[in-house]
Amino acid sequence: MAIALAASQDHIATVFDSADSFVIINAGTPEMQKIESLPPGLSAMQVIKILRDFRITVLLCGAISGFSQQMIEGADILVIPFLKGELKDVAAGFFANQLGDPSFFLPGCRGWWQRMATEKGWEEAPSCTERLRIQRRRGRS
Amino acid sequence: MHIRIDTILDSIADGVFTVDHDWRITSFNRAAEEITGVSREEAVGQSCREVLKADVCDRQCVLRYTKETGREVINRTVYIINAKGRRLPVSISTALLKDETGEVIGAVETFRNISREADLRKKLEGKYTFQDIISKSHKMQDLFDLLPDVAASTSTVLLQGESGTGKELVARAIHQLSTRKNRSFVAVNCAALPDALLEAELFGYKAGAFTDAKKDKPGRFKLADRGTIFLDEIGDTSPAMQVRLLRVLQEKTYEPLGGVESIRHDARIITASNRDLQELVREGKFREDLYYRINVLKLVLPPLRERMTDIPLLVDHFIRMFNALQNKTLQGVDSEALACLMAYDYPGNIRELENIIERAFILCKSEMIKKYDLPEFLRSEAEGKQAATQEQPSSLREIEAAFLVNALKKNQWHRAQTARELGIHKSTLFRRIKSLGISIPSKPDMQ
């Protein structure tokens, strides 16, 4: 399993569509391993192709449109949107199951995230183990 | 004085916020709250890019430009993502913020939601992109994957799908994704005209070709030069017209009525039919050679009943569209009405759903469309299905659970088969079954 962070320089890109790179972390070696630069103006489908090529199963990103999120989730990539902060902090928060901390959410977006979590059947705020379990189950099916 | 300024700002229809030298928001008016979905309490003190969430914030901050150059920016269109995940076009203007001594103390940005204008313009101009095709079903996602490659090629495309499944929308999306997007997209319904008229319409005519032909008239192929021509309902053309179309496809030339010279065309041809053309070929009603000519790239559009998970998205889309067209502010459909909409099979597909929502807009007297704003046949069908389950869902989760149980029962509790029918990935179905607490009966109980 690998996760990708949609980045703008050293922080999560405020808007997913304007990310300048993906920082990719492979599970088991939680270090930022690969930076894939993104030329501006890529379509959602081109972005999905890049994520698929790197076998990404979880995407951590900032504000994302419902359309892009549906497209990416349609490719069986779990999207955790509306995050903010420096890349290393967000990655550490993900692996420590602490993304529920309000400091990781863009202003005004925590309520949206909670509704989504309820809809998707996640019990609480983002939980790394829950998502890992989902991804493992996906991997087997 | 502060109270007065706030009151004045709150009475303005445009969003207004101010920032200090560290890009922290110092004031945020009511319209800004409405457009961004972020409350004043949450916004003040935060970084402006995190609150506005515009596509230009990280790379080409407009406020930064104004602060660094002292120049105002007026009515620049950018896109923001609001707190509900909606991408909205806004028109922004910026200026320096100065105190009474003239010293710069920050900057001010005003912004106006122009999504209504953008939606109306799109509707009028018909410039739909594949982003306008609303779906999260796997069947449609597979189709989306193919669209860029289809658009990049010059081959003829055949779109097959029931009436109302969005064939023209997909054709327009292919055109918009292609290098021909700045040229014309010309749509012709081949079933709407008798042969002689269709020929004149497609290929044009010369002056004197018939009694009333006083001057030359260009045909649709001419109008679509270096663009795209969309031949809808090609399965309904006569054998004689099929021969003419075959020649146009094979030789890339046509002759206007009354003309003696062949004209070469450079139009990308996209065809569509709601009938099974292969079956028509077998029945001898459609030319086999023409079928193979147009069937270079075939895309099959699933009917709405095979992508029921898209109904809430489509309903939301139509509500926004009719809000813009009819200048209303309906918020959505209530859970009972949504249950009715989810229980119907939609033989007329998306067009039928659109008509149902349009009708509800006329009848609806509140902010939410209710069950009784929907047509009688739809209510009675839903009531019939609910009576069978003896349960009245009261929340979106219950509606989804009831919907999944019905689908599973229909497929003898076979999950992979159910997932296929619903157009979702089987792992998604497994996850929903677990999260909604649906229990699958053991094999002897299944029926």
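Reminder, nothing fancy here: chain letters follow the sequence lines and each chain counts from 1.
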* Portion of B:L88 that has a non-hydrogen atom of chain A nearer than 4.5 angstrom -> neither
* Go through the structure and list residues passing salt bridge (Lys or Arg N to Asp or Glu O under 4.0 Å) with A:E86, not counting sequence neighbours. => A:K88
* **Over 12 non-hydrogen atoms of neighbours within 6.0 angstrom of CZ in B:R30** => no
* About how many Å separate OG of A:S65 and CD1 of B:I80, when rounded to the nearest 0.5 Å? -> 12.5 Å
* Interatomic spacing from CZ in B:F144 to CD1 in A:I48 - rounded to 0.5 Å -> 10.0 Å
* To do: Between chain A and each of B:R86, B:R49, B:Q46, count heavy-atom pairs under 4.5 Å; write down the option with the most.
  => B:R49
* Asked: Measuring heavy-atom distances to chain A, does B:A416 have an atom under 4.5 Å in its side chain, in its backbone, in both, or in neither?
  -> neither
* Please report the shortest heavy-atom distance between B:A83 and A:G108, naming the atom on each side. => CB-O, 3.5 Å
* Asked: Which value, rounded to the nearest 0.5 Å, describes the distance between B:K53 atom NZ and A:S18 atom OG?
  -> 12.5 Å
* Partner of A:P107 under side chain to side chain contact (heavy atoms under 4.5 Å, CB included), chosen from B:T36, B:V44, B:V38 -> B:V38
* Asked: Minimum heavy-atom separation for A:A63 to B:I81, with atom names?
  -> CB-CB, 3.7 Å
* Just by modelled atom types, is the A:T14 backbone N or O under 3.5 Å from a matching donor or acceptor in the B:D58 side chain? -> yes
* **Under 3.5 Å: donor-acceptor pair, side chain of B:R87, backbone of A:I64** => no
* Test B:S47 against A:K84 for side-chain contact (heavy atoms from CB on, under 4.5 Å), laying out the working first. => CA-CA 11 Å; B:S47 155; A:K84 68 168 184 173; over 6 Å; no
